[in-house]
K.L.:
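Structure in structure tokens, see below.
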Amino acid sequence: MEPVSEESIAVTHPFLDLAPLSAAHFASIEDRVARLLATEQDVVIMQGEALLPLEGAIRAAAGPGTTALNVITGPYGQTFGNWLRDCGATVIDLAVPFHTAVTAARIREAFAAHPEIDFVSLVHAEAATGNTNPVAEIGAAVREHGALFYLDAVASIGAEPVLPDAWGVDLCVIGAQKAMGGPAGVSAVSVSERAWARMAANPAAPRRSYLSLLDWKERWVDGGRKALLHAPAQLEMLALEACVERIEAEGLEAVMARHASAAAATRAGAVALGGGLEPYVHEAADAAPVATTLRTPAGIDASELVAKALASDPVLPLVAGGGALAREMVRVNHYGPGATRGVVQSCLGALGAALAEFGVPVDLEGARRAVAEAWA
Ligand SMILES: *Cc1c(COP(=O)(O)O)cnc(C)c1O
């Protein structure tokens, strides 16, 4: 090839013209993610948004011989149940109202009623509904029973402890786009030896497929992580490395504490604001540190309230609930760089001003004080 003359490249760009990402560099990013999860399990970074390993892990580990307990505490649980059924698994759905969390006792009751359960799928925290589930206690129940434990920790990682080894999680999926403050285009899953064995024994597990975890096991992990399966999503990998670096620099404990403060302050601020805006998740212990959901007062449409609030400050992390919840739920997505006192104050200020525009009396100063007190 002719050398490219300097004139032929108009401008260099920081996102472009990068040296290829080496296998060793890729492996080092995996190791860093493994440290974040405090896990000795294999951690595979998947080259797509978290739905890729979420679906890949279910299709690999579940099949016609599987009896799955699918815990539904929000919309993701519903999706997992559909994938499990599509794989031919027998699915026992355990749904709890979205304003609560599931308990380990409910899981034990399900095992007692259906001893054949050999797979449990659970969402740790649900950003969509604002609840979080007691995974440590549930993990103990799942381990006693001996089922394979699949966990969606996309909305919990970085916001609260996620400890697959300590909790006995066999398949733990994370994404960087929430509390890690990172990219959405890559994701990771930690895989236990038991889970690899279950996949290897499943003739319907995806192979030679973008969904395949076994491809990464056989051609990447077992090969000593020397050669990548295909060109990696280089920019997203570098962004993932950068966001883990930033978490390490602040300290994971400090990052999690910021999210816990943001959730407590949003909850306290909303209550103090009054005007009928209420925490959607009834018990504070069941509320996720990643995002706080609020119920709008009767007669006030949540989408309209959010639109009014965003009219004054369009960058605030406020959204209306998804689907049917769009009328009654406001989500404050105080995660990643949004987990600050300033963001929480601005969100409640904007919601309070919007409620006032609807003619609802609110206590803006009380909300401001409550946020400051709850944060400290
Ligand atoms: C956010 C989230 C995901 C990833 O979904 P996106 O909508 O693509 O961000 C997966 N699971 C849970 C529980 C989540 O909260």
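In what follows, every heavy atom counts, from backbone to side chain, and hydrogens, waters and symmetry copies are set aside. Order of appearance sets the numbers: ligands from 1, and atoms from 1 within every ligand. Please read these numbers as outputs of a predicted model, since none were measured by experiment.
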K.L.:
Heavy-atom count around Arg327 CZ within 6.0 Å, excluding the residue itself: above 12?
P.N.:
no

K.L.:
Near Ala127, which atoms of ligand 1 are under 4.0 Å from a heavy atom of that residue?
P.N.:
15 (O)

K.L.:
Should you measure from each heavy atom of Ala155, which atoms of ligand 1 turn up under 4.0 Å away?
P.N.:
15 (O)

K.L.:
So, do Leu351 and Leu294 sit near enough that their side-chain heavy atoms are less than 4.5 Å apart?
P.N.:
yes

K.L.:
Distance under 4.0 Å to a non-hydrogen atom of Val123: what atoms of ligand 1 satisfy this?
P.N.:
13 (C)

K.L.:
Need the ligand 1 atom indices (1-based, order shown) with element for anything under 4.0 Å from a heavy-atom of Ala125.
P.N.:
13 (C)

K.L.:
Side chain, backbone, both or neither: which part of Gln177 comes within less than 4.0 Å of ligand 1 when only heavy atoms are counted?
P.N.:
side chain

K.L.:
Starting from atom 2 (C) of ligand 1, find the nearest protein heavy-atom neighbour and note its residue, name and distance.
P.N.:
Lys178 NZ, 2.4 Å

K.L.:
Classify the ring geometry between Phe26 and Trp220 as parallel (under 30°), tilted (30 to 60°) or perpendicular (over 60°).
P.N.:
perpendicular

K.L.:
Is it the case that the side chains of Gln47 and His230 hold a donor-acceptor pair, with the cut-off being a distance below 3.5 Å and no angle test?
P.N.:
no

K.L.:
Any idea which protein heavy atom is nearest atom 11 (N) of ligand 1, and the distance to it?
P.N.:
Asp152 OD2, 2.6 Å

K.L.:
Applying a heavy-atom cut-off of 4.0 Å, say which part of Ala184 lies close to ligand 1: side chain, backbone, both or neither.
P.N.:
neither

K.L.:
Salt-bridged, Asp93 to Arg85, with N to O below 4.0 Å?
P.N.:
yes

K.L.:
Select one of side chain, backbone, both or neither to describe which atoms of Ala50 lie under 4.0 Å from any atom of ligand 1, heavy atoms only.
P.N.:
neither

K.L.:
Less than 4.0 Å between a side-chain N and a carboxylate O, is that true for Glu250 and Arg246?
P.N.:
no

K.L.:
Identify which one of Ile117, Leu171, Val169 satisfies the side chain to side chain contact (heavy atoms under 4.5 Å, CB included) criterion when paired with Leu148.
P.N.:
Leu171

K.L.:
Could you find the nearest protein heavy atom to atom 5 (O) of ligand 1 and give me its residue, atom name and distance?
P.N.:
Tyr76 OH, 2.7 Å

K.L.:
With heavy-atom distances below 4.0 Å as the criterion, list the atoms of ligand 1 near Glu49.
P.N.:
4 (C), 5 (O), 6 (P), 8 (O), 9 (O)

K.L.:
Hey, are Asp165 and Thr39 close enough side-chain-wise for a donor-acceptor pair under 3.5 Å?
P.N.:
yes

